[in-house]
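As structure tokens, the structure follows; a few thoughts come after it.
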Amino acid sequence: MPSDRDILVSVRNLSFSRGNRVIFDGVDMDFRRGKVTAIMGPSGTGKTTLLRLIGGQLRPTRGTAHVDGVNVHALSLSELYELRKRMGMLFQSGALLTDLDVYENVAFPLREHTRLPESMIRILVLMKLEAVGLRGARDLMPSELSGGMARRAALARAIVLDPMMVMYDEPFTGQDPISMGVLVKLIRELNDALGLTSIVVSHDVHETAAIADYIYLISNGKVVGQGVPDELMKSSSPWVRQFMEGQPDGPVHFHFPAADYGRDLLGNGA
Amino acid sequence: MRKTLENLGRVTLDTVKKLGRANLFLLHVLSGTLAILLRFRLLTAQMYSVGVLSILLIAVSGLFVGMVLGLQGFNVLSDFGAEESLGVMVAASLVRELGPVVTALLFAGRAGSALTAEIGLMKATEQLSGMEMMAVDPVKRVITPRFLAGVLSMPLLASLFSMVGVMGGFFVGVGLLGVDEGAFWTQMRSHLDFEDDIINGVIKSLVFGVVVTWIAVFEGHDAIPTSEGVSRATTRSVVYSAFAVLGWDFVLTALMFGED
């Protein structure tokens, strides 16, 4: 367990496999309190899986994940649920409950976990909706929201219990430039205004680099690069450079491994 | 040969595992019962969508089944000069068999498939996962009220089916075919036993309610979270429910009416 009080989430020697496929192989990461830390890497590297491991929805095959000093995977289910009340998570799809309107979606955690009077719930919900700019959309159903609005509504829901941290799963994917700009601004501002600790999983280099205090790059189950955004941009590692600059070819080849092209065309490839 | 044995072994293992999962799942669902009974509004909302919205289908089907029973029964009974017994025949067939069984089959098609698809899609769109991360147990919050609503709705719907069916038989038998009205009702009343017929019918529909709703919610929760996975789960839900209802109907009938 890390002794540093400054670290909220600490991942040590974490390994995780699905069947024979190794997703993580001995990953170490620290997430500092009050900071925005990004986890970046190509699609399919298990970035979302890492959030699920930290949130206790999956169990690692080896290693530990500590949140606020407690080992997430040593907790009983009720203790885990208590911990999760202090962790917000924003899913890629928003995961809004489709049978409830925006207001009720944001009120959902309050209704489930508190016995606050209706007037207090109303004030809390409207405050959070105001923070994400959707106070006027409170009566809309999730199906009536654009992708960006759905994510903002889900963000309001994620912070309605005033958690200590928020985990963002691919918050920028599939957003138009304006929604993207709004989300980038919201993540940074909410983090600073509410004193949160944010973990952002993404592969959108520029947006993430603009708000992250620290970045981990993962690929093939390992941390292949880490540092503040400027350091990574100037990194000497060819892999890191390829990823950060979005080059089509480099250490990660453009071509999926295949037999010799010429022989393949002549029918001898197999 | 070896391949066949391997496949057989794999299918058997998968089936046993799935049955195990389904039983653990049912225990999990039932563990949330008390909390849902205390939050009655969650239950009534589900009873509305599972039960009330099925009323029209059940009532119309019951009416037609009763009318057909009236016609067919009259044809057979009149050969023996026993058309006065039409009321007993219609009511006994409905209360003992057709009411619970046909209601369960219709319920599986209308409400069961909807439950499976709804829960499967909630899983596919991460709504269930999202609840977990909000420290809310999705099984107790989402599945338990739906399960209880299905179990409670089924006997009510089956009773409705039988009642409307008797009326259908009455319209055809007495209204169209000229069976004596007094004989129709008195024979029914003297030959139908409250415990043996009506209560047993209600017990049957309760069992079907458990079986059909259990299959529906489990298949939804166990679905592979893709559009194809949900569509397959929905099909399985209806097919398994039909088999289970007909199989259990035989077992229950043997237990209830076997000694007569």
Side-chain angles (χ1 to χ4, degrees), chain A residues 48-49 51-58 67 72 75 77-100 104-115 142-143 147 150-151 153-161 163 165-170, chain B residues 10 14 17 24-25 27-29 31-32 34-36 38-50 53 111 114-146 149 217 220-221 224-227 230:
Chain A
T48 304
T49 308
L51 294 187
R52 289 182 186 271
L53 284 161
I54 295 173
Q57 285 188 308
L58 295 171
V67 175
V72 175
L75 296 176
L77 193 63
S78 57
E79 290 168 330
L80 183 61
Y81 272 23
E82 279 307 310
L83 179 67
R84 280 184 189 160
K85 288 181 194 168
R86 300 192 289 142
M87 303 164 86
M89 175 140 172
L90 182 70
F91 284 83
Q92 192 175 347
S93 60
L96 292 172
L97 302 170
T98 41
D99 55 342
L100 302 178
E104 284 301 322
N105 259 291
V106 179
F108 182 83
L110 294 170
R111 295 199 195 286
E112 292 293 321
H113 296 308
T114 68
R115 288 176 184 274
S143 56
R151 263 174 231 189
L155 181 53
R157 186 178 66 177
I159 58 172
V160 77
L161 288 176
M165 62 184 281
V166 178
M167 297 190 279
Y168 298 87
D169 185 7
E170 302 279 8
Chain B
R10 191 176 317 118
D14 286 349
K17 272 188 202 159
L24 290 176
F25 180 73
L27 287 180
H28 193 171
V29 170
S31 71
L34 188 65
I36 291 303
L38 293 176
R39 295 175 71 182
F40 205 62
R41 222 163 45 86
L42 288 178
L43 182 59
T44 48
Q46 289 310 318
M47 287 210 54
Y48 177 77
S49 71
V50 169
L53 293 182
L115 282 176
T116 308
E118 187 192 16
I119 294 166
L121 282 173
M122 286 182 90
K123 185 178 177 187
T125 52
E126 296 181 314
Q127 293 182 50
L128 300 184
S129 219
M131 274 192 198
E132 268 181 29
M133 284 308 296
M134 286 187 277
V136 176
D137 185 337
V139 172
K140 291 182 185 171
R141 176 63 175 68
V142 173
I143 315 270
T144 305
R146 284 166 174 74
V217 293
H221 192 259
I224 299 165
T226 60
S227 34
V230 174

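Heavy atoms only: backbone and side chains are in, while hydrogens, waters and symmetry mates are out. Below, chain A is the first sequence line, B the second, and so on; all start at residue 1.
- Contact annotation for Leu77(A): neither backbone nor side-chain heavy atoms come within less than 4.5 Å of a heavy atom of chain B.
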**Study point:** Glu112(A) and Arg141(B): CA distance, side-chain angles, deciding distance, side chain to side chain contact (heavy atoms under 4.5 Å, CB included) verdict
**Key:** CA-CA 9 Å; Glu112(A) 292 293 321; Arg141(B) 176 63 175 68; 2.6 Å; yes
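- The residues Arg52(A) and Glu132(B) are annotated as not salt-bridged, no charged nitrogen and carboxylate oxygen being separated by less than 4.0 angstrom.
- Ranked by heavy-atom pairs under 4.5 Å with chain B, the list Met87(A), Arg157(A), Gln57(A), Gln92(A) is led by Gln57(A).
- Taking each heavy atom of Ser93(A) and Glu126(B) in turn, the nearest pair found is OG-OE1, 3.0 Å.
- Contact annotation: the side chain of Met133(B) approaches that of Met167(A) to within less than 4.5 Å [non-hydrogen atoms, C-beta and beyond].
- Leu100(A) pairs by the side-chain contact (heavy atoms from CB on, under 4.5 Å) definition with Leu97(A), Glu104(A), Asn105(A), Phe108(A), not counting sequence neighbours.
- A pairwise comparison of heavy atoms in Pro138(B) and Tyr81(A) identifies CD-OH, 4.1 Å as the closest pair.
- Of all heavy-atom pairs between Met134(B) and Pro109(A), the closest is SD-CG, 3.6 Å.
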